[in-house]
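Read through the structure below, which is laid out as structure tokens, and then see the notes.
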Amino acid sequence: MKKIFIAILGVGTVGKAVIETLQNNQDIITARAGAQIIPKIAIARNIDNKNLSIPLSTDINEALQDKDIEIIVELMGGIELPYSIALQALQHNKAFVTANKAMLAYHRHDLELKSNGIPIGFEASVCGGIPIIRILRDGLCANHILSIRGIMNGTSNYILTQMSEKATNFESALKQAQELGYAEANPSLDINGSDSAHKLLILASLAYGINTKIDDIIVEGIEGLTLEDINFAKESEYEIKLLGIAKKIQNQLELRVHLCMIPKSCMLAKVSGVMNAISVIGDKVGEMLYYGAGAGGNETASSVVSDIIEIARNKVLSDSNIPTQSTSPNKPMLGYAMCEHHNTNQSIKLIRREEISCCYYIRLKVCDKLGVLSNIAHVFATHNISIQSLIQKNPKNLDSQYAYLLLATHICTESQIQQALNELATLQDIIESPFMIRIDNL
């Protein structure tokens, strides 16, 4: 039986889980791959106190220059160094597997253009154990994808769940997430929306063939959310979730990551804790929901090893004597056949963020006195924004000199609402900067 040797670059939680999965489940993996997959070496920045069952080194070249190693598995994190390693792996004619969503968010199309048909696997880069990459690239490839909406970050979803279900404030919920290991000591990528944005860009390339950068889309996080916002949502029959959204309107595409108020009755509203879920609407299949663990060593390793098995299967076939198999090219990395040295879908254009439209919720902390409401209403009228509902919340302290105005608008554009918010922030009777959440009625 053919033996396929691999190198693991990065032996943190996921790297160790990949090695353990390959060894503990060797029988079923061998049966499914048609080859024996053997982790030959692991590469780490620091080899101290690493208890591994395979050789360990700090020299990446030991993996890249080993002619027996056919697959490089990158689990290091970062952007430019992993990208450089990927290019070197391809130059050495080695397949490349990664779980690195940040690197792919910036370099996914570059990698495909430079792969020269060498397999690149990245199932683990989006939502851990959920096989959403294969679903979009293979399972739903006969569909026009009308929309993707997803809870793509378990840390932020845990914080939002604690705030909604237990009335925990943001700071306490974040601290709990850190104590439980769901959030890093520096949780910025999780709570500022960047992690979800990296994943959304990868999914957009698969679904729409569009090469978009993170600076081109709306990316906002969950900072600034308060229990007043949570309570308004509940009273209005909404839940608040951090969503990555891709929505196709004719030949134009919205891409955005931000807090959303969504109806309690929708499936995504019911996803709690650290779990991830992605709703995909195809023109032939309708809506489908994919739910599962978005992170964790074993869950992410499951997706990494699935890529390794798929590459191994193709290698076994290419080494066989069956002409129809041995001449079959590898599938396009991002699901679109290369055409004239370009692989993006030229028929899809990104909608400018200023032109995106929806309903909005706004929280204003104001001086509690006559004339304030009329001044605020004048600002909205100036920008042609219609107010749908308004609630005034006064603090329990009767002597307080301020109040909260919580309001929802009818549909308007991002340009209109941002101009209105900027003007509201200049009013003398606005105590804090306005806080806004988009309302998505799905």
Item to complete: State, with a plain yes or no, whether a side-chain heavy atom of S306 is found less than 4.5 Å away from one of E310.
Response: no

Practice prompt. Give the intermediate values and the outcome of side chain to side chain contact (heavy atoms under 4.5 Å, CB included) for residues E70 and K315.
Written response: CA-CA 9 Å; E70 298 186 62; K315 286 183 175 294; 3.3 Å; yes

Worksheet entry | Value rounded to 0.5 Å, distance of OG in S279 from CD1 in I151 | 10.0 Å

Item to complete: Could you please spell out the steps behind the side chain to side chain contact (heavy atoms under 4.5 Å, CB included) verdict for T58 and I43?
Response: CA-CA 5 Å; T58 60; I43 308 296; 5.8 Å; no

Worksheet item: Is it true that a side-chain atom of N143 and a backbone atom of I145 form a donor plus acceptor pair closer than 3.5 Å?
Response: no

Practice prompt. Examine distances only and state if a side-chain atom of D229 and a backbone atom of T226 form a donor-acceptor pair shorter than 3.5 Å.
Written response: yes

Worksheet item: Does some side-chain heavy atom of I29 sit less than 4.5 Å from a side-chain heavy atom of V305?
Response: yes

Worksheet entry | Main-chain N/O of E80 paired to S84 side chain as donor or acceptor, under 3.5 Å | no

Worksheet item: Are more than 12 heavy atoms from other residues, nucleotides or ligands located less than 6.0 Å from atom CD1 of I391?
Response: yes

Practice prompt. Taking atom NZ of K3 as the centre, report whether more than 12 heavy atoms of other residues, nucleotides or ligands fall under 6.0 Å from it.
Written response: no

Practice prompt. Flag the pair S125 / I202 as yes when at least one side-chain heavy-atom distance between them is below 4.5 Å, and no otherwise.
Written response: yes

Worksheet entry | Backbone of H144 reached by a side-chain donor or acceptor of D283 within 3.5 Å | yes

Practice prompt. Compare all side-chain heavy atoms of I245 with those of H258 and state whether any distance is below 4.5 angstrom.
Written response: yes

Worksheet item: Hey, are K365 and E228 close enough for a salt bridge, meaning a charged N less than 4.0 Å from a carboxylate O?
Response: no

Worksheet item: E414 versus S357: any side-chain heavy-atom pair under 4.5 Å?
Response: no

Discussion item. Rounded to the nearest 0.5 Å, what separates atom CG in N441 from atom CD1 in I439?
Written reply: 7.0 Å

Fill in: Within 45° cone and under 6.0 Å: K40 NZ/CZ vs F5 ring
yes

Discussion item. Can you confirm whether M267 sits close enough to R149 that some side-chain heavy atom of one is under 4.5 Å from a side-chain heavy atom of the other?
Written reply: no

Worksheet, complete the sentence: One should read off an interatomic distance between I148 CD1 and K199 NZ, to the nearest 0.5 angstrom, of 14.0 Å

Worksheet entry | Over 12 foreign heavy atoms within 6.0 Å of CG, N51 | no

Worksheet entry | salt bridge (charged side-chain N to carboxylate O under 4.0 Å, His left out) assessment of E220 paired with R438 | CA-CA 11 Å; E220 297 171 2; R438 295 163 187 84; 2.8 Å; yes

Worksheet item: Does the side chain of I240 reach to within under 4.5 Å of the side chain of F232, using non-hydrogen atoms?
Response: no

Practice prompt. Verify side chain to side chain contact (heavy atoms under 4.5 Å, CB included) between Q176 and Y158, making sure each step is shown before the conclusion.
Written response: CA-CA 9 Å; Q176 290 176 23; Y158 175 83; 3.5 Å; yes

Worksheet item: Say you draw a straight line from CD1 of I8 to CD1 of I41; how long is it, rounded to the nearest 0.5 Å?
Response: 11.0 Å

Worksheet entry | pair I6-I38: side-chain heavy atoms closer than 4.5 Å | no

Discussion item. With a 6.0 Å cut-off (strictly less than), is the heavy-atom count around CD of E179, excluding the residue itself, greater than 12?
Written reply: yes

Discussion item. Checking the side chain of K94 only, and the main-chain atoms of I69 only, is there a donor and an acceptor separated by less than 3.5 Å?
Written reply: yes

Worksheet entry | Under 3.5 Å: donor-acceptor pair, side chain of S302, backbone of N298 | no

Worksheet entry | CD/E184: more than 12 non-hydrogen atoms of other groups inside 6.0 Å | no

Worksheet entry | R137 side chain to M333 backbone, donor-acceptor under 3.5 Å | yes

Worksheet item: So T98 and E74, side-chain hydrogen bond (donor to acceptor under 3.5 Å, both in side chains) or not? Walk me through it.
Response: CA-CA 5 Å; T98 182; E74 183 273 310; 2.6 Å; yes

Practice prompt. Could you grab the distance from atom CD1 of I72 to atom CD1 of I120, nearest 0.5 Å is fine?
Written response: 12.5 Å

Worksheet item: Does a donor on one side chain and an acceptor on the other come within less than 3.5 Å for S188 and N186?
Response: yes

Discussion item. Quick check on K213: does its NZ atom have over 12 non-hydrogen neighbours (other residues, nucleotides or ligands) under 6.0 Å away?
Written reply: yes

Worksheet entry | CA sep, side-chain torsions, deciding dist, call: Q23, S53, side-chain hydrogen bond (donor to acceptor under 3.5 Å, both in side chains) | CA-CA 9 Å; Q23 293 176 338; S53 57; 2.9 Å; yes

Worksheet item: Could R134 and D307 be called an ion pair, given the rule that one side-chain N must be under 4.0 Å from one carboxylate O?
Response: yes

Worksheet item: Is E123 reaching over with its side chain to a backbone N or O of I133, donor-acceptor style, under 3.5 angstrom?
Response: yes

Worksheet item: Within the side chain of R353, is there an N or O that forms a donor-acceptor pair under 3.5 Å with the backbone of I217?
Response: yes

Worksheet item: Does N157 use its side chain to pair, donor to acceptor, with the backbone of V271 at less than 3.5 Å?
Response: yes

Practice prompt. Work out which heavy atom in T161 is nearest to a heavy atom in G273; give both atom names and the distance.
Written response: OG1-N, 2.9 Å

Worksheet item: How many angstroms lie between atom CZ of F122 and atom CG of L206, to the nearest 0.5 angstrom?
Response: 4.5 Å

Item to complete: Indicate the atoms forming the closest heavy-atom contact of A42 with I19, along with that distance.
Response: CB-CD1, 4.5 Å

